[in-house]
Amino acid sequence: MALISTIRKNSALIVVLIALGLLGFIIQDMMGGQSSIFGSIQPSIGKINGQKVDLNEFNRTESILYAGSTGDIYARRSALWDYFVEKALIDQEAAKLGIGVSKNELIDLQFGPEPSPIIMQRFMDQTTGQLNREQLNSLKQQISTNTLPATARSYWAIQEQEILKDRMQTKLINMVSKGLYTPTWVAEMSQKESATMMELSFARIPFDAVDNAEVSVSDEDYTNYLKENPGLFKYDEEARKIGLVTFEVKPTKADSLAQRDKIVGLINDWRQAANDTVFVEQNLGTIDGAYVKREGLLQFADSIFNLPIGGIFGPYVEGNAYRAVKLLDRKVIPDSVKSRHILIRPDAVTPLAVVKTRLDSIKNVIETGKATFADMALRFGTDGTATTGGDLGYTALGGMVKPYNDLIFFQAEQGKLYTVETQFGAHLVEVTGKKVTSNASGVRVAYIGEVIKPSKETENSRFEEAQRFLNANNKDVETLLAAAKKVKGLVQETSAAVNANEFFLGSLGSGQQPREIIRWAFGAQKGQVAPDIYTFTDATEFYTNKYVLAGLKAVLGPGRATADQVKEDIEAAVINRKKGELIAEKLKGKGVKAAAAQYSVKVDTLRNIRFNQAFLPNNVGSEPRLNAYAFKLKQGQTSQPFIGTNGVYVVNALSISTPNSSTDLNQLKTTLSGNTRAQISNRFMPAFRKSAKISDKRSKYF
């Protein structure tokens, strides 16, 4: 009663609050969503120099281009984003310069004598390696008569934009390329660098000649290393380093024995099975129409090959599974078979069902004697054998694609007609000859198997271990990683720096779970441990193969990282540098032989070395400091010890030769310019992107 009385006393206030609440819902509805009373509000996943990338358009393009795709969804979205960015940049620059593609040019790029590389790639005949003009002309006809299916029409519209982007990009690259030249002084310097050759002796003292305990590294050493290498660890956008602890889920002995027992039980049933094909298919095994020779059996070849027909061998372990094999048949296999065929390829106009019906009609015409095989091959064949009666000559076992190979070697009788489908289309086939010289037998076998994997009990037990570990060590990421080092069997690592849109994470690879960890990290505080345990699934057998704990190790950028942020990344290099300083100090004033003797290393020689030589022989590899120090020496002079990439060096210039060069400077300038132009295609877009203002908000949605 007291509550009702209170409500009555404050009824006016309650009415106002209800009204305000309703008004809030109305305003939210007016302003929210993708449209409002003030106009359309389309969600954007980013901007390229102020130009928005619409989320709906991005999703629509993805659904059209990747319909039915089973690839990595994050990889394809990344590739699609790159396309949107590049297209926007190309369109913007082309508009500034007045570059475009006319309607006639676009048509020519799609159907003309020299089509776009995109058309060449997507409409290439896999058999001949040439453009499939028949298919392309068929599509052109459908486009002109407006009979192209809706899905194909949408795909073609996007493809046209790809062609436009590619063409305008080519024009821009050509403009840049035409503007490049090599000054005379550059050619002269290059000529000198290439002509001057040196023979030198050297001693290399590896860093591990000094024990880690002999050097001490301070925070200042880390800071100085970064100052001297300013190009390292510079981030254009915010990044994260993530600490990871992995609990691998492996089958126990009990799991393995249970799976072996299952195969044993299946073997007993298999012996009594009335139909091997049905039994194998019901038990997810494999059965093949092909016959294999003894050498074609990967394991236990003698045991399997010597089985009686109907005999079973197993269980045995192959890879990560228990298997059993049954010998179904045995017969002599021809060494080679001669055949002829009529190949008809399906396309957008003629689907496979129509092609098969057409082949059945052709088969009937030949069998009734109304036409010869050669006549029908000439009339209907679509490959190079059409003019030779479809003749493929003799082929050895395995010389054709598997369906065709299995038909002519193991199933077809000579002189009869058969149809078979392959990756190239549908074939009408006749075997016209067989050669049997070795009388080698082949066997037809069937397999059943059971993958050795963790049971649900094992998965649950490992999850509980991970949960207890997380509960006990979730104070911060350093505590988590330190505790993991003390537990045998746990894998702990710190990822490389990843940005907000990354989908690849260290040893975990790519996919949904790595992406979820990265998404979590970009909403977490430094040091925080994720409250969830991330479950990873075997991509083939779909069982849980690991549980992962994660913590945010570092927040980086934008800008240059501090020594504290990347200490783990540069630790080995800084320690080697300190070792190098110690070694160099001990070698001061010593020659090559003395330096080698002091550290028990050999004296080595390099001959005909050029200053601009990127890789040096004798297992030296890339050592730019060696080139720099050596070519400052005069003949007979010995360098001071210096720190290289792979150790400390002392170098002696044995001889220096500068033969008179007969190189034509004009020809050299042309060559150097050509070399530079050849790199433009690879460097053009990265340079464009670096100078652009790109706002990437994909992580908000994906």
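Numbering starts at 1 and runs along the sequence shown. Note that the structure is predicted; figures quoted are calculated from it, not measured.
Atoms OG and CD, on Ser177 and Gln679 in that order, are 11.5 Å from each other to the nearest 0.5 Å. Ile205 CD1 to Tyr649 OH: the interatomic distance, rounded to the nearest 0.5 Å, is 9.5 Å. Summarising the geometry, atom CZ belonging to Arg683 is positioned 8.0 Å from atom OG1 belonging to Thr676; distances are rounded to the nearest 0.5 Å. Separating the CE atom in Met685 from the CG atom in Leu172 is a distance of 9.0 Å, to the nearest 0.5 Å. Taking CG of Asn627 as the start and CG of Asn612 as the end, the distance is 8.5 Å to the nearest 0.5 Å. The NZ atom of Lys697 sits 12.0 Å away from atom CD1 of Ile45, with the distance rounded to the nearest 0.5 Å.
In the model, Thr458 has no side-chain atom that pairs as donor or acceptor with a side-chain atom of Ser461 under 3.5 Å. Using modelled atom types, one finds no donor on one side chain facing an acceptor on the other under 3.5 Å when comparing Asn473 with Thr479. Looking at Lys586 and Gln598, their side chains never bring a donor and an acceptor atom within 3.5 Å of each other. Under the 3.5 Å distance criterion, with hydrogens and angles disregarded, a donor-acceptor pair is assigned to the side chains of Gln467 and Asn471.
A salt bridge does not link Asp208 with Lys579: every distance from a Lys NZ or Arg NE/NH1/NH2 to an Asp or Glu carboxylate oxygen is 4.0 Å or more. Using a cutoff of 4.0 Å between basic side-chain nitrogens and carboxylate oxygens, Lys553 and Glu568 are scored as salt-bridged. A salt bridge does not link Lys165 to Glu162: none of the charged side-chain nitrogens sits closer than 4.0 Å to a carboxylate oxygen. In summary, Arg689 and Asp82 engage in a salt bridge, as defined by a charged side-chain N under 4.0 Å from a carboxylate O. Checked for salt-bridge contact, Glu465 and Arg468 miss the test: no charged N lies under 4.0 Å from a carboxylate O. The residues Arg577 and Glu581 are annotated as salt-bridged, a charged nitrogen and a carboxylate oxygen being separated by less than 4.0 angstrom. The residues Asp91 and Lys87 are annotated as salt-bridged, a charged nitrogen and a carboxylate oxygen being separated by less than 4.0 angstrom. With respect to Lys588 and Glu585, a salt bridge is recorded, a charged nitrogen being found less than 4.0 Å from a carboxylate O.
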Worked check of side-chain contact (heavy atoms from CB on, under 4.5 Å) between Tyr74 and Glu502: CA-CA 9 Å; Tyr74 298 103; Glu502 187 59 77; over 6 Å; no
Full working for side-chain contact (heavy atoms from CB on, under 4.5 Å) between Val487 and Phe469: CA-CA 10 Å; Val487 180; Phe469 185 88; 4.0 Å; yes
Full working for side-chain contact (heavy atoms from CB on, under 4.5 Å) between Ile583 and Tyr599: CA-CA 9 Å; Ile583 295 169; Tyr599 283 94; 4.1 Å; yes
Verdict with supporting geometry, Lys567 and Asp219, salt bridge (charged side-chain N to carboxylate O under 4.0 Å, His left out): CA-CA 9 Å; Lys567 193 172 185 178; Asp219 290 341; 3.6 Å; yes
Audit row: Glu214, Leu582, side-chain contact (heavy atoms from CB on, under 4.5 Å) steps and yes/no: CA-CA 9 Å; Glu214 295 183 51; Leu582 184 61; 4.2 Å; yes
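A 4.5 Å side-chain heavy-atom check between Val555 and Arg240 finds at least one atom pair inside the cut-off. Counting only heavy atoms from C-beta outward, the side chains of Asn474 and Leu549 never approach each other to under 4.5 Å. A heavy-atom distance below 4.5 Å is found between the side chains of Arg515 and Ser699. The side-chain heavy atoms of Val245 and Leu481, taken from C-beta on, include a pair separated by under 4.5 Å. In this structure the side chain of Pro558 reaches within 4.5 angstrom of the side chain of Glu238, judged on heavy atoms. Considering only heavy atoms from C-beta on, Arg204 stays 4.5 Å or farther from Leu626 through its side chain. Contact check for Asp221 versus Lys578: side-chain heavy atoms found under the 4.5 Å cut-off.
Other residues, nucleotides and ligands contribute only 12 or fewer heavy atoms inside 6.0 Å of the CG atom of Asp236. Heavy atoms of other residues, nucleotides or ligands lying less than 6.0 angstrom from CZ of Arg625 number 12 at most. Environment of CD in Glu220: sparse, with no more than 12 heavy atoms of neighbouring residues, nucleotides or ligands closer than 6.0 Å. Within 6.0 Å of atom CD in Glu228, more than 12 heavy atoms from other residues, nucleotides or ligands are found, so the atom counts as buried in its surroundings.
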Without placing hydrogens or testing angles, list every side-chain donor-acceptor pair under 3.5 Å for residues 531-541, not counting sequence neighbours.
residue : atom : partner : partner atom : Å
Asp538  : OD2  : Thr540  : N            : 2.9
Asp538  : OD2  : Glu541  : N            : 2.6

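Sorted by first then second residue, the ring pair (Phe, Tyr, Trp, His ring centres under 6.0 Å) pairs that include residues 537-577, not counting sequence neighbours, are Phe463-Tyr547. Within the structure, ring pair (Phe, Tyr, Trp, His ring centres under 6.0 Å) contacts touching residues 486-532 (residues at least two apart or in different chains) do not occur. Contacts classified as ring pair (Phe, Tyr, Trp, His ring centres under 6.0 Å) and involving residues 677-702 (residues at least two apart or in different chains) are given here: Phe58-Phe702, Phe684-Phe688.
In this view, Phe631 and Phe611 satisfy the ring-ring contact (aromatic ring centres under 6.0 Å, His included) rule, not counting sequence neighbours. Residues passing the side chain to side chain donor-acceptor pair (under 3.5 Å) test with Gln525, sequence neighbours excluded: none.
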